[in-house]
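So the structure is just underneath, and the comments pick up after that.
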Amino acid sequence: MDVEMEDLKTGTVVVEKVMGKSTATRCFSKYPLKFILPRKVGSSQTDAVWIYALTYGGGIVSVYKCVGSRCSVQIYEARIGIDALLVVIPDPVTCFSTAKYSQKQVFRIMSNSSLLIVDWITSGRHESGEKWDFTHYKSTNHIYLEGDEPLFLDTVLLEQGSTVTIAERVQDYQVLAMVIILGPKLKHVQTKVQEDVKNMMSEQLQLPATSLRRYSAPSTSHSLIKPSFLASCSPFGPQGSGVVIRIAAMTTESVYRFLQQQLASLEPLVGVLPYC
């Protein structure tokens, strides 16, 4: 992982097979970035290395106010080898008022690599009255197959406009999330989440005929109830080898619950239940 801030802070972790066991063979980080590698996570039968990336001070940088036009930038690069699995499941990004933040994540995979990415943002520090008050947020995720062949290229940009604010565009939704699931080891997760999202959205968006008639009448004062949780699934890659799930939700807790339920089957692969 490379993290670029007011001055450059970098870190590198290498995980390899050593005597048939996944092992961190190199771990380096420069203050204020720090990696923590717990010795044991979950069952001893699980072949996984857990890595926690931490920063000292006030989040990504040690100050809370944006200085001029400067932007905090975080760059994450990963290479996933043959038959390997990488799972990136962070807590959501929460930007404070006036913050300018940009992150770029680049993943280079092999044809039989597996990858799961959770990338999400909340509207801000609600206890401080901040909701979509940051100035700039940009998140880029690129996945390349066999080195340089583009497989998935995506960018989310939230920026305060001169006439329309982020809060006005997002309205009542307080969380935006994206989940990417790719590769043979995660096929069962893909199948479950696609079916569950389809059923969930069918139930939420299905309206009684009386409601539809009431909504279409010119003189009615009724309106459609806005769903508190929206999700969609889109396949990508050769033969639909990957799927991307996009989420808009009114509460952070509802997204946590969704992730807990949908990623529970990862436990045998990673040793514990994600987000529990």
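The structure displayed is predicted, hence computed values, not measured ones.
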In the structure I gave you, are the side-chain heavy atoms of T25 and V18 within less than 4.5 Å of one another anywhere? yes

Per the salt bridge (Lys or Arg N to Asp or Glu O under 4.0 Å) rule, what does the pair list look like for residues 183-193, sequence neighbours excluded? K192-D196

Within-4.5 Å side-chain heavy-atom neighbours: L266 and P274: yes

Steps toward side chain to side chain donor-acceptor pair (under 3.5 Å) verdict (D91, Y256): CA-CA 9 Å; D91 284 330; Y256 269 117; 2.9 Å; yes

Taking it one step at a time, do T140 and T155 satisfy side chain to side chain donor-acceptor pair (under 3.5 Å)? CA-CA 4 Å; T140 298; T155 296; 3.2 Å; yes

Determine whether the aromatic ring centres of Y52 and F35 lie less than 6.0 Å apart. no

List, by chain and then residue number, the residues other than V14 in its hydrophobic cluster (Ile/Leu/Val/Met/Phe/Trp/Tyr, side-chain heavy atoms under 4.5 Å); write none if there are no others. none

Are the side chain of Q174 and the backbone of D172 linked by a donor-acceptor contact shorter than 3.5 Å? yes

Within 6.0 Å of CG in L157, more than 12 heavy atoms from elsewhere: yes

To which residues is Y144 joined in a hydrophobic cluster, defined by side-chain heavy-atom contacts under 4.5 Å among Ile, Leu, Val, Met, Phe, Trp and Tyr, whether direct or through other members? V106, L153

Cluster check V272, F258: I/L/V/M/F/W/Y, side chain < 4.5 angstrom: yes

Backbone N or O of G237 within a donor-acceptor pair of the S241 side chain at under 3.5 Å? no

For T98 and T135, does a side-chain donor sit closer than 3.5 Å to a side-chain acceptor? no

In Å and rounded to the nearest 0.5 Å, what is the CD to CG distance from E267 to L273? 4.0 Å

Contact summary for V255 and A177, nearest pair of heavy atoms: CG1-CB, 4.4 Å

In the hydrophobic clustering that connects Ile, Leu, Val, Met, Phe, Trp and Tyr at side-chain heavy-atom distances below 4.5 Å, which members other than F28 occupy its cluster, ordered by chain and number? none

Minimum heavy-atom distance L269-A48, with the two atoms named: O-CB, 3.7 Å

What are the two closest non-hydrogen atoms of K21 and T46, and how far apart are they? NZ-O, 3.2 Å

Taking atom types as modelled and ignoring hydrogens, do the side chains of K104 and Q74 form a donor-acceptor contact shorter than 3.5 angstrom? no

State, with a plain yes or no, whether a side-chain heavy atom of W132 is found less than 4.5 Å away from one of R169. no

Within residues 162-193 or reaching into it, pairs that qualify as ring pair (Phe, Tyr, Trp, His ring centres under 6.0 Å) - sequence neighbours excluded: none

Working note: Y101 + Q103, criterion side chain to side chain donor-acceptor pair (under 3.5 Å); need CA distance, chi angles, decisive distance, verdict. CA-CA 7 Å; Y101 174 70; Q103 67 178 24; 2.7 Å; yes

Between I143 and I109, what is the shortest heavy-atom contact and its length? CG2-CD1, 4.1 Å

For the pair K17 and D47, find out whether any cationic side-chain nitrogen is under 4.0 Å from an anionic carboxylate oxygen. yes

State, with a plain yes or no, whether a side-chain heavy atom of L176 is found less than 4.5 Å away from one of T122. no

Is it the case that the side chain of E203 and the backbone of M200 share a donor-acceptor pair, with hydrogens and angles ignored and the cut-off at 3.5 Å? no

Give me the atom names and distance for the closest heavy-atom approach of G240 to P235. CA-CB, 4.3 Å

Taking the six-membered ring for Trp, are Y76 and F107 parallel (under 30°), tilted (30 to 60°) or perpendicular (over 60°)? tilted

Given side chains that start at C-beta, do those of L182 and S114 come closer than 4.5 Å, heavy atoms only? no

Run the ring pair (Phe, Tyr, Trp, His ring centres under 6.0 Å) test on F134 and F96 for me, step by step, so that the C-alpha distance in whole Å, both residues' side-chain angles and the decisive distance to 0.1 Å come before the verdict. CA-CA 6 Å; F134 53 85; F96 50 84; 9.6 Å; no

Side chains of L259 and V118, heavy atoms from C-beta outward: is any pair under 4.5 Å? yes

I'd like to know if the side chain of E130 reaches the main chain of S97, judged simply by a donor and an acceptor atom lying under 3.5 Å from each other, with no hydrogens or angles considered. yes

Is the shortest side-chain heavy-atom distance between M110 and R79 below 4.5 Å? no

Does the side chain of I89 come within less than 4.5 Å of Y275's, by heavy atoms? yes

Donor-acceptor under 3.5 Å (W50 side chain, R39 main chain): no

Derivation and outcome, side chain to side chain donor-acceptor pair (under 3.5 Å), residues S254 and T251: CA-CA 6 Å; S254 65; T251 66; 3.1 Å; yes

Nearest heavy atoms of F152 and M178, plus distance in Å: CZ-SD, 4.2 Å

Could you name each residue pair satisfying salt bridge (Lys or Arg N to Asp or Glu O under 4.0 Å) that touches residues 142-159, not counting sequence neighbours? R108-D148, D154-R246

